[in-house]
Amino acid sequence: MSIESYVKQARFAYYNGHPIIPDEMYDALVERANILETIGSEGDNRFPHIFPMYSLQKVYAGDNNAPDYKRNTVIVTPKLDGAAVALTYVRGKLEQALTRGDGKEGNDITSKMKSLLQFDLPSETDQIVFQITGELVAPSSIPNARNYAAGALNLNSLSEFEQREVYFVAYGVQPYPTDSFAEDLATLREWGFETALCSSYTEFPKDGSVFRVDSNKYFEELGHTSHHPRGAFALKDKPTGVVTKLLDVVWQVGKSGAVSPVAILEPVMIGEATVSRASLHNMAIIEGLGLEIGCHVEVIRAGEIIPQIISRVD
């Protein structure tokens, strides 16, 4: 049954006093159906997620600022480093797959995920629309494995995608089929998915561990901030700096008109990225770090994204 057909059935049930899905899920499906009717095809078109795909709060080892879940059971899973994906199953069939996007909407990648996941859910799921979330990953043996996996979802050719060595590992499902996160993942395993609890996945790149309260009721009671759930967090090692040479300092004008210094660095690999520039923000940082042209500096990628000089190395 297509999303459009399911929406019609849900609408009929609602107006006859027997709603089969929550209002917010119905609204998201209606919006998707309207978009599909308008564009009629897959591509760079964005669709709403049925359930938001929040990012996780980052906690660094040794900082002692992890959330306190009291005596509640916590499940620990590897935080795989790939591309987050949301799958929508209607009547047990994969009807649409979306990238994470901004967490509220994602791009349509349905044909690619259908080619990768060639199985349906069991018959007992027929009355429920499920959103299954997970990570598309590639083996660490492939250079720039994270970019390789994410790039696979941007390919225009389905045949090219099918030649990529990528795998889907599920780490969540909504609405919850059980009262327990661990049991939810066990259910996904029974349905045919590899899950975050199946293995430590040493063959794939990871960027930490995920700590998530096991009780779905407690998880919902804890609620969310505007960015992340309070019932889960990602524990990461503090980034290790890489030493390189400061070649120059130039000045750039930002969108607001503010002028700020930028360090020009001898190119160096940090993680999977080549870094050759780092913002210095203002003269106080330059003076505080004691920076001089030609000195050696320690550089990290703050948040695993933004190049930042953290010290001078004499």
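None of these values were measured; they are calculated from a predicted model.
- Side-chain contact check for Val173 versus Phe193: every heavy-atom pair is 4.5 Å or farther apart.
- Under the 4.5 Å side-chain heavy-atom criterion for ILVMFWY residues, a single connected hydrophobic cluster contains both Ile132 and Leu197.
- Side-chain contact check for Lys114 versus Leu116: every heavy-atom pair is 4.5 Å or farther apart.
- Side-chain contact between Arg277 and Gln252 is present, with at least one heavy-atom pair separated by less than 4.5 Å.
- Nearest approach of Ala149 to Val166, heavy atoms of both residues: CA-CG1, 4.2 Å.
- Thr195 contributes no side-chain N or O that, together with a main-chain N or O of Ala170, makes up a donor-acceptor pair within less than 3.5 Å.
- Taking every heavy atom of both residues into account, Pro229 and Ser55 meet most closely at CD-O, 3.3 Å.
- In the hydrophobic cluster analysis, where Ile, Leu, Val, Met, Phe, Trp and Tyr join through side-chain heavy atoms closer than 4.5 angstrom, Leu87 is grouped together with Ile128.
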Could you list the donor-acceptor pairs under 3.5 angstrom formed by side chains in residues 175-185, with sequence neighbours left out?
| residue | atom | partner | partner atom | Å |
| --- | --- | --- | --- | --- |
| Tyr176 | OH | Glu220 | OE2 | 2.3 |
| Thr178 | OG1 | Ser180 | N | 3.1 |
| Thr178 | OG1 | Ser180 | O | 2.9 |
| Thr178 | OG1 | Asp184 | N | 3.4 |
| Thr178 | OG1 | Asp184 | OD1 | 2.6 |
| Ser180 | OG | Ala182 | N | 3.2 |
| Ser180 | OG | Glu183 | N | 3.1 |
| Ser180 | OG | Asp214 | OD1 | 2.9 |
| Ser180 | OG | Asp214 | OD2 | 3.1 |
| Asp184 | OD1 | Thr178 | N | 3.0 |
| Asp184 | OD2 | Asn216 | ND2 | 3.0 |

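- Under the 4.5 Å side-chain heavy-atom criterion for grouping Ile, Leu, Val, Met, Phe, Trp and Tyr, Leu155 is connected to Ile142 within one hydrophobic cluster.
- Under 4.0 Å is where a charged nitrogen must lie from a carboxylate oxygen, and between Glu298 and Arg312 no such pair does.
- With Glu160 contributing its side chain and Ser157 its backbone, the two residues share no donor-acceptor pair below 3.5 Å.
- Salt bridge annotation for Asp81-Arg146: present, with a cationic side-chain nitrogen under 4.0 angstrom from a carboxylate oxygen.
- Classification of Lys70 and Asp68 as a salt-bridged pair fails, no side-chain N sitting under 4.0 Å from a carboxylate O.
- Under a 3.5 Å cut-off, the side chain of Asn144 and the backbone N or O of Asn147 do not form any donor-acceptor pair.
- Counting only heavy atoms from C-beta outward, the side chains of Leu98 and Arg46 never approach each other to under 4.5 Å.
- Checked by atom type and distance alone, the side chain of Arg100 pairs as donor or acceptor with a backbone atom of Met53 at under 3.5 Å.
- Here the two rings, on Tyr89 and Trp191, have centers that are 6.0 Å apart or farther.
- Val85 and Leu121 fall within a single hydrophobic cluster, where Ile, Leu, Val, Met, Phe, Trp and Tyr side chains are chained together by heavy-atom contacts under 4.5 Å.
- Of the possible polar contacts, none joining the Asn154 side chain to the Gly151 backbone as a donor-acceptor pair under 3.5 Å is found.
- In this structure, Lys112 and Leu158 have side chains that are in contact, with non-hydrogen atoms separated by less than 4.5 Å.
- Between Leu117 and Phe168 the shortest side-chain heavy-atom distance falls below 4.5 Å.
- Although no hydrogens or angles enter the test, the distance criterion places no donor-acceptor pair under 3.5 Å between the side chain of Tyr148 and the main chain of Pro139.
- Residues Arg189 and Glu194 are paired through a salt bridge, judged by an N-O separation under 4.0 Å between the basic side chain and the carboxylate.
- With contacts defined as side-chain heavy-atom distances shorter than 4.5 Å, the pair Phe161/Ile109 does not qualify.
- For the pair His49 (side chain) and Thr99 (backbone), a donor-acceptor distance under 3.5 Å is present.
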Derivation and outcome, side chain to side chain contact (heavy atoms under 4.5 Å, CB included), residues Thr244 and His296 = CA-CA 6 Å; Thr244 188; His296 287 81; over 6 Å; no
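- Contact detail for Ala150 and Ala83: the closest heavy-atom pair is CA-CB, 3.9 Å.
- A centroid separation of 6.0 Å or more is found between the aromatic rings of Tyr54 and His227.
- Cluster partners of Ile286, using a side-chain heavy-atom cutoff of under 4.5 Å among ILVMFWY residues and allowing indirect links, are Val242, Leu246, Val249, Trp251, Val253, Val259, Leu265, Val268, Ile270, Val275, Leu280, Met283, Ile285, Leu289, Leu291, Ile293, Val297, Val299, Ile309.
- For Glu135 (side chain) and Val169 (main-chain N/O), no donor-acceptor pair under 3.5 Å exists by modelled atom type.
- Under the salt bridge (Lys or Arg N to Asp or Glu O under 4.0 Å) criterion, Asp63 pairs with Lys238, not counting sequence neighbours.
- Looking at heavy atoms from C-beta onward, Gln174 lies out of side-chain contact with Phe130 at the 4.5 angstrom threshold.
- With rounding to the nearest 0.5 angstrom, the CG atom of Asp108 is 12.0 Å from the CE atom of Met113.
- In this structure, Tyr167 has its ring center closer than 6.0 angstrom to the ring center of Phe204.
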Residues Lys79, Ser209; criterion side chain to side chain contact (heavy atoms under 4.5 Å, CB included); working and verdict = CA-CA 5 Å; Lys79 188 176 187 301; Ser209 299; 5.8 Å; no
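- Of the possible polar contacts, one joining the Lys206 side chain to the Tyr201 backbone as a donor-acceptor pair under 3.5 Å is found.
- Side chain of Thr274 to main chain of Met269: no donor-acceptor pair is present (N/O by atom type, distance under 3.5 Å, no hydrogens or angles).
- Counting heavy-atom neighbours within 6.0 Å of Asn156 CG, excluding the residue itself, gives a total of 12 or less.
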Test Arg212 against Val74 for side chain to side chain contact (heavy atoms under 4.5 Å, CB included), laying out the working first.
-> CA-CA 5 Å; Arg212 201 269 199 192; Val74 174; 5.7 Å; no
